[in-house]
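Structure first, then comments.
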Amino acid sequence: MAAPPAKQLVVEGPNDYHAILHLLLKSGVFVTGLDDQTSPLSIKALQGKQSLLDDMPERWKESGRTAIGYVLDADGYLQNDGSLSGDPPGCTPTWQAISYRFQNLGVVDPLELKSDGFVGQISSNGPRIGVWIMPNNQAVGAIEEFLCSLTSPANALFIHARHATSQARTKHAAEFPEAHRSKAELACWLAWQEEPAMTYGQAMSAGKFDFQLEPANSFIRWIRRLFDL
Amino acid sequence: MLLHDLTIENYRSFAKYKLSNLARVNLLVGDNNCGKTSVLEAVALLASEGDMGALLRTLELREDIESIPIPGGPAYHTVYDGRSLFHFGEVAQDYDELTPIHFFSSGNDHRNLKIRVQAPTASEPAELVFTLNGSTSSSIRMDGHGRLVGPWISGMRWTPQGQESTPMFVFVPAGGLTSYDLSGLWQALLKSSREHIAIQVMRVLHEGITGIVFSPATEHRRDVLIEINGERDTLARYGAGTSSLLSIAIAIASIRNGCLLIDEIDTGLHYLRLSDMWRMVLKTAAELDVQVFATTHSLDCIRALAEAVENEPALADEVAIFRIDRRFEEAVHFGGDALSVIVNHEIEVR
């Protein structure tokens with residue numbers, strides 16, 4: 001059995017896990033062929049935003065930990081009526097919930113979230129701890145908005161998927177909640193690839209997203225800064 | 001006595017080490033040779049209120065003892081290595097290089113125990129001196145090799161367990177107490193009509209247990225009888241888990257307002273029994289006002305503790321896990337309220 005990884009990134013679920021893993025591979029942060037032991041960074045998928053908030057006071061204490069990062073969505077939980085609620089929807093309330101926890105952990109850096117993500121340190125000799133709130137540490141949204149921002153403005157198929165999604169709602173009473181419009185658009189576009197209904201990870205791996213666009217660069221810079229990679 | 005925190009200075013491998021936010025039941029985890037047993041010893045010494053017997057007991061459990069033949073006879077002295085107690089004690093060249101050991105706790109029931117070496121004078125030999133809350137509580141002679149010598153009878157080993165009716169602490173080594181020690185504690189339980197508490201704990205393994213019988217002058221497991229559904233059989237015929245649990249059961253029932261130290265609490269116990277074991281330990285410790293410090297390497301043992309707390313959430317405040325790591329000045333604390341997150345998120349506390 002292996003010791004806990006020194007550097008760990010914690011994400012909300014398997015979709016986030018695979019999308020981010022392949023983004024790191026594409027960007028050269030990871031090289032292919034590494035396993036859990038040789039990878040410079042371990043990624044752990046939990047189950048939703050609340051599980052990450054619950055995780056924050058404890059996981060950094062694992063033996064040998066030097067840096068830990070959390071990637072959360074700025075959206076909230078979807079309620080039966082289609083609105084978002086529960087643990088904090090929106091970037092600012094999400095950050096407030098996090099900074100309250102960080103204050104209790106003794107994070108020494110000013111608890112301010114900037115557009116390039118948060119990187120701080122727990123006490124003077126504790127591990128580094130970082131946060132990225134999807135999509136861009138400012139807007140309301142989730143990893144879907146981040147992924148949508150990695151499609152080229154000239155991508156005709158994606159533009160059509162957007163249009164079709166709107167039409168589906170206005171003309172055919174499609175029931176997807178407005179808050180999940182980007183998710184619906186993305187699903188629509190991925191449904192039309194050579195392998196229909198690609199996952200985010202498969203699409204990233206297949207080069208469907210442009211990892212050289214600024215939103216991806218900004219995220220990768222945060223990863224490199226936090227984990228010293 | 002309920003320690004809220006504990007600071008250890010210059011004791012064995014610790015220069016300075018602190019455990020904060022101690023709970024009623026504390027589970028110590030960490031790598032081999034990280035100092036878990038040293039923490040148990042520190043608690044025992046503090047709980048004993050500076051009793052020299054407690055110190056000798058800890059040295060005996062480590063078997064850090066030596067038999068020195070007495071010239072001209074078959075008898076021998078048992079001596080204990082006193083230098084090894086001190087941080088860097090093995091390399092000390094002189095008495096004044098043995099920096100005093102210091103254990104203390106704050107809070108309502110604060111205690112302060114210092115162990116220092118009084119250098120020899122022309123007329124007096126060197127002594128190891130215990131000072132509790134500012135006054136000398138006991139002392140023992142030390143020879144030129146740093147060995148603790150006398151005043152006990154030649155060849156006799158110091159075994160204080162069971163000599164008091166309600167000991168202030170019981171130290172259960174990995175694998176359990178000796179049958180001799182158990183017998184002493186059992187006699188005390190009988191005198192105070194508390195043997196039913198130990199039997200209750202034993203029901204974790206043997207639901208139908210109705211009685212335990214120690215033969216006079218018990219020395220071996222075969223001298224201990226376990227009665228299950230009216231049938232008696234010797235402890236020697238049961239597995240290691242029964243012996244281990246019997247130690248825990250008798251020890252916890254013996255103590256009042258003191259500390260129970262258990263090295264490797266899960267020894268010999270099947271993982272499905274561990275949750276019940278914790279439930280009984282938590283319940284009994286609260287009833288008898290006993291503070292428990294136990295060690296483990298086992299993930300099953302940690303999961304079982306989480307399960308016991310999950311079934312009875314009010315117990316969350318009664319439990320804490322500490323990872324001992326000498327590279328830092330303070331033990332890493334995991335509160336009882338975090339146990340479900342730790343288990344569900346597969347957070348490695350060890």
Side-chain angles (χ1 to χ4, degrees), chain A residues 1-14 16-17 36-37 41-72 87 97-98 100-102 104-108 121-129, chain B residues 15-21 23 26-36 39 266 271 295-303 305-306 309-310 313 316-317 319-350:
Chain A
M1 204 165 182
K7 300 174 182 180
Q8 192 163 46
L9 184 68
V10 188
V11 302
E12 285 198 19
D16 309 64
Y17 174 96
D36 279 356
Q37 292 307 297
L41 173 64
S42 139
I43 308 177
K44 172 87 181 169
L46 294 178
Q47 292 176 321
K49 182 186 283 188
Q50 187 59 48
S51 75
L52 267 67
L53 293 172
D54 294 341
D55 199 75
M56 287 174 185
E58 310 301 332
R59 185 175 298 274
W60 67 275
K61 300 175 190 167
E62 287 189 323
S63 179
R65 178 68 25 88
T66 59
I68 186 161
Y70 287 90
V71 179
L72 298 88
D87 258 286
I98 294 164
Y100 169 76
R101 285 163 177 77
F102 281 14
N104 290 336
L105 296 185
V107 172
V108 289
Q121 187 168 12
I122 300 174
S123 72
S124 57
N125 55 359
R128 273 206 296 276
I129 189 162
Chain B
K16 181 164 184 170
Y17 206 66
K18 187 170 184 187
L19 287 87
S20 300
N21 300 309
N26 304 281
L27 185 59
L28 311 181
V29 297
D31 201 357
N32 289 110
N33 303 312
C34 70
K36 298 187 292 294
V39 174
D266 54 299
Y271 78 101
T295 73
T296 190
H297 287 295
S298 153
L299 191 57
D300 286 334
C301 186
I302 295 161
R303 285 185 179 144
L305 181 59
V309 170
E310 199 177 332
D317 291 342
V319 171
I321 296 179
F322 292 90
R323 185 172 65 246
I324 309 298
D325 187 340
R326 268 183 279 126
R327 290 172 298 174
F328 305 102
E329 287 193 346
E330 188 155 352
V332 178
H333 168 262
F334 296 91
D337 54 352
L339 280 177
S340 67
V341 168
I342 287 164
V343 170
N344 294 332
H345 293 196
E346 297 175 322
I347 293 172
E348 180 59 271
V349 302
R350 296 172 299 172

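Labels below follow one simple rule: chain letters A, B, ... track the order of the sequence lines, proteins then strands, and each chain is numbered from 1. Remember, it's a predicted structure, so these values are computed and weren't measured experimentally.
Interface remark: B/Val332 contributes side-chain atoms only to the contact with chain A (heavy atom separation under 4.5 Å).
At least one donor-acceptor pair closer than 3.5 Å links the side chain of B/Arg350 to the backbone N or O of B/His297. Not one N or O on the side chain of A/Arg65 forms a donor-acceptor pair closer than 3.5 Å with the backbone of A/Pro4. A donor-acceptor contact shorter than 3.5 Å links the side chain of A/Glu62 to the backbone of B/Glu348.
Looking only at heavy-atom pairs under 4.5 Å with chain A, the residue among B/Val341, B/Ile342, B/Asp31 that has the most is B/Val341. Contact count versus chain B (heavy atoms, under 4.5 Å) is highest, among A/Asp55, A/Leu46, A/Val10, for A/Asp55.
Among all heavy-atom pairs drawn from A/Ile98 and A/Met56, the shortest one is CG1-CE, 3.9 Å.
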